[in-house]
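I have placed the structure first, in the form of structure tokens, so that the comments after it can refer back to it.
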2 protein chains.
Amino acid sequence: MEEHRKRPGRTPAPAGRTSRPRQAEVARLAGVSQATVSLVLSPKPDAKGRVISEETRLRVLEAARSLGYVPDPAARRLAAARNNLLGVFSFTATFPTEVQHSYYPFLVGVECEAAALGYDLVLFTGSSSGGAGAAGPDALSRVRLADGCLFLGRHTPRAELKRLVEDGFPVVHLGRREELEGLAWVGADYVEATREVISNLAGLGHRRIVLVREDDDAPASADRQRGFLEGLEAAGLASGPTAVFRSADPQRDLTPERLRAWVGEGVTAFVAEETDTGAAWRGLLSAVGETGLDCPGEVSLALLGNPPADLAGEPEPTGFDIPRPQLGAAAVRLLAALVAGEEAREPLVSCVFRPGLTAGPPRARA
Amino acid sequence: MEEHRKRPGRTPAPAGRTSRPRQAEVARLAGVSQATVSLVLSPKPDAKGRVISEETRLRVLEAARSLGYVPDPAARRLAAARNNLLGVFSFTATFPTEVQHSYYPFLVGVECEAAALGYDLVLFTGSSSGGAGAAGPDALSRVRLADGCLFLGRHTPRAELKRLVEDGFPVVHLGRREELEGLAWVGADYVEATREVISNLAGLGHRRIVLVREDDDAPASADRQRGFLEGLEAAGLASGPTAVFRSADPQRDLTPERLRAWVGEGVTAFVAEETDTGAAWRGLLSAVGETGLDCPGEVSLALLGNPPADLAGEPEPTGFDIPRPQLGAAAVRLLAALVAGEEAREPLVSCVFRPGLTAGPPRARA
DNA sequence: CGCATTACGTAATACGCATTAACGAGCGTC
DNA sequence: GACGCTCGTTAATGCGTATTACGTAATGCG
């Protein structure tokens with residue numbers, strides 16, 4: 001196991017160039033002790049009394065710079081300090097091949113905010129491809145290398161996550177997740193955003209609206225449904241038993257006949273939730289297409305979220321934008337606060353209403 | 001700085017429940033030494049001689065399981081003298097807001113291959129000022145925290161990179177980069193791919209072809225031009241002085257008149273290089289559009305690379321696909337080999353010809 | 001039965017850094 | 001000049017694990 005070790009034994013740095021410099025080498029170059037180097041390089045705000053003279057300080061800094069010294073994150077962490085690393089852990093590949101279901105938009109915000117706060121990011125891989133930590137309980141525990149960790153994706157192993165939280169390891173979950181006591185999370189305000197969309201449709205004159213959702217118990221779905229119902233109520237509209245269409249496979253179950261039946265009953269607007277696959281929205285679109293109904297004219301459609309990337313060419317759907325970069329940034333802020341030992345809380349992030357082109361006033365009833 | 005440490009001082013585990021168990025505790029429960037626990041829990045394939053008896057092995061495993069022992073990654077990496085981290089350094093944000101010019105496709109391959117090889121990724125951002133090194137020239141030295149580092153982007157500071165290479169720090173540059181002695185890199189074979197496109201056009205019957213390129217001296221551009229000229233020669237076609245149209249702003253300089261003139265001279269096909277902005281291709285497309293020439297019919301077009309994301313709706317261009325994920329994967333493989341001390345070399349990655357819809361046989365000359 | 005082997009374990013140590021008790025040197029003070 | 005005192009620095013130690021150099025008991029062999 002030692003074959004790759006460039007440094008032979010205990011001698012600080014004989015061969016020199018092949019290995020990263022250690023504090024000991026910086027110390028030798030600066031003519032001080034390793035402890036002094038540590039003191040100089042560890043920004044201690046509460047420097048009570050014990051300070052290093054400006055002269056040695058500069059000497060050490062110069063030596064460190066010229067050697068290109070960088071602290072070893074593992075050692076730093078082991079010695080009970082921080083290493084300026086925030087972990088990002090996702091349970092599917094972070095950069096999936098399929099365009100759908102990508103964490104990219106979140107990462108835009110995560111990277112930006114992390115940089116602003118002075119953190120680098122560690123991307124823990126292998127969660128899906130079974131590489132590094134294959135499976136097993138260790139897969140998740142690798143994140144302890146970082147000061148804290150951000151979790152993406154809805155299907156997080158409860159037990160492992162719970163363990164991290166209980167151990168006091170700073171963890172933030174991206175997406176509402178209340179079933180786990182003490183788990184910090186950030187989320188978007190789907191309830192309010194959906195309410196706003198419904199309110200808008202009602203304002204256009206729609207009286208009967210149907211929500212198309214998938215058969216998933218994720219909080220994100222539940223929130224939209226709640227916002228939908230609240231929106232109906234606020235607009236003084238009835239929410240009959242048929243107002244919510246829930247299906248495990250909307251693209252199969254949402255038939256043109258079904259659609260025609262609704263329209264025949266007086267339904268003039270449909271809203272679909274956004275999910276990884278966009279199945280609800282796709283199902284709605286194709287059903288409308290097959291029935292030959294004119295979209296803004298005969299039926300209004302709204303998407304509770306952003307359209308999948310491969311539908312970028314389609315007309316812009318009415319609905320709301322999920323501010324994913326802001327969500328990512330908020331998550332990082334929260335995580336950084338936890339790492340710093342603060343008792344922070346991030347409020348729900350608001351979604352932005354998107355007028356779009358798929359909704360308009362309903363056609364006058366015959 | 002010690003506030004978060006649950007374990008008071010040297011006692012192995014007095015308070016018990018607040019902290020994760022260590023090997024020492026497992027050892028105590030199993031009635032063996034810490035070293036034995038380590039030996040049992042560290043899968044050593046080449047267990048030459050030194051073996052633990054099956055009985056104690058099971059006892060230790062049982063103890064570990066019952067305590068919920070999980071190894072501390074920081075300690076593990078410290079003891080192993082490497083940290084299983086590969087750096088990714090880009091000089092613009094790794095996740096840019098603009099869709100164009102994104103490293104995303106590369107990262108798909110990087111993440112996947114890193115996972116397969118058992119590495120985690122550290123993302124460094126050029127602008128971030130975190131960690132030990134302040135901003136400025138030291139920014140680059142932060143990458144030493146990883147076992148090796150991948151560099152993206154054409155505008156890498158030469159001096160700093162040189163320093164890393166000279167120090168023997170494993171570095172791989174994504175994209176051909178030969179001007180720096182000893183710098184490892186991986187690249188796509190633009191020469192061959194371009195040659196193939198030209199050969200294909202010649203096969204269709206085209207006799208006069210013009211290359212539209214931007215005014216950039218990047219290797220990627222030079223390679224395409226070289227492949228273009230070689231392709232012409234191989235097909236027995238003349239490459240007059242007007243065969244290459246080089247412009248700093250093709251969208252401005254590539255006027256409809258210009259295009260008409262070429263067509264009048266007998267040019268029947270145009271190829272454009274791909275760049276971050278896609279300016280050459282955009283210029284070509286808009287000029288053709290304005291002149292009202294029918295694309296596969298009257299002129300053939302080819303794109304030496306992938307179209308920008310915002311042109312996804314357009315008909316698929318003839319040309320070649322740059323296998324970005326494979327490039328990323330190849331870079332990671334090379335980097336991993338360097339980290340392991342091997343003297344590896346990755347060949348150029350081949351691009352894949354894309355038939356597309358924008359090229360066809362030339363219309364018979366009048 | 002004596003000695004060489006082998007099989008199993010363990011003590012000791014290193015890994016790189018942070019932290020803290022202790023130490024030496026300057027410097028007044030009476 | 002012995003004493004306290006502050007300031008700057010260092011020696012020593014611990015963090016949790018991997019590894020190596022040794023023991024010790026069991027076994028093999030003539």
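Computed from a predicted structure; not experimentally measured. Labels below follow one simple rule: chain letters A, B, ... track the order of the sequence lines, proteins then strands, and each chain is numbered from 1.
- For B:Ser33, no side-chain nitrogen or oxygen approaches OP1 or OP2 of C:dG9 to under 4.0 Å.
- Distance CD (B:Glu25) to P (D:dG16): 9 Å, rounded to an integer number of Å.
- A salt bridge is absent between A:Arg163 and A:Glu166; no separation between the charged side-chain nitrogens and carboxylate oxygens falls under 4.0 Å.
- A:Gln23 has its CD atom 13 Å from the P atom of D:dT10, to the nearest Å.
- As a whole-Å value, the separation of A:Asp167 CG from D:dC15 C1' is 16 Å.
- When the P atom of C:dA12 is taken as reference, atom CG of B:Leu39 falls 16 Å away, rounded to whole Å.
- Of the candidates C:dT20, C:dT10, D:dA18, D:dA18 carries the atom nearest the B:Gln34 side chain, counting heavy atoms from C-beta on.
- Following rounding to the nearest Å, A:Leu58 (CG) and D:dG8 (P) show an atom-to-atom distance of 14 Å.
- A salt bridge links A:Glu54 with A:Arg57: the closest approach of a Lys/Arg side-chain nitrogen to an acidic carboxylate oxygen falls below 4.0 angstrom.
- One atom, CZ of A:Arg28, and another, P of C:dC17, lie 14 Å apart when rounded to the nearest Å.
- The pair A:Glu160-A:Arg158 does not meet the salt-bridge criterion, since no charged nitrogen lies less than 4.0 angstrom from a carboxylate oxygen.
- A:Asp147 and A:Arg77 are joined by a salt bridge, as a carboxylate oxygen and a charged side-chain nitrogen come within less than 4.0 angstrom of each other.
- Ranking C:dT20, C:dA18, D:dC15 by closeness to the A:Ser42 side chain, first place goes to C:dA18.
- For A:Thr56, whose side chain is taken as the heavy atoms from C-beta onward, the closest listed nucleotide among C:dA18, D:dA11, D:dT9 is D:dT9.
- We find that B:Arg144 and B:Asp167 are joined by a salt bridge, their nearest charged nitrogen and carboxylate oxygen being less than 4.0 Å apart.
- If you check D:dT17, C:dA18, C:dG9 against the side chain of B:Ile52, the one that comes closest is C:dG9.
- Counting any heavy atom pair closer than 4.0 Å across all strands shown, B:Val37 reaches no nucleic acid atom.
- Among the atoms of the strands shown, only primed sugar atoms or phosphate atoms (P, OP1, OP2) are found under 4.0 Å from some heavy atom of B:Ser53.
- Each end of the helix from C:dC1-D:dG30 to C:dC30-D:dG1 yields a helix axis from five base pairs, and these two axes differ in direction by 60° (to the nearest 10 degrees).
- Looking at every heavy atom in both residues, A:Tyr119 comes nearest to A:Ala336 through CE1-CB, 3.9 Å.
- Base engagement by B:Thr36 is indicated by at least one non-hydrogen atom pair under 4.0 Å involving a base atom.
- Comparing C:dT20, C:dC17, D:dG16 by their nearest atom to the side chain of B:Asp72 picks out D:dG16.
- Taking atom CZ on B:Arg22 and atom C1' on D:dG14, their separation rounds to 13 Å, with Å as the unit.
- Between B:Leu145 and A:Asp72 there is no side-chain heavy-atom pair separated by less than 4.5 Å.
- Atom CZ of B:Arg59 is separated from atom C1' of C:dT10 by 14 Å (rounded to the nearest Å).
- Across all their heavy atoms, B:Leu41 and B:Arg76 have their closest contact at O-NH2, 4.2 Å.
- Along DNA chain C, the nucleotide nearest B:Ala75 and the nucleotide nearest A:Ser38 are compared for position; the residue whose nucleotide lies closer to the 5' end is B:Ala75.
- Of the candidate nucleotides D:dG16, D:dT9, C:dT19, D:dG16 has the atom lying nearest to any side-chain atom of A:Leu78.
- Considering only side-chain N and O atoms, A:Arg76 lies under 4.0 angstrom from the phosphate OP1 or OP2 of C:dA18.
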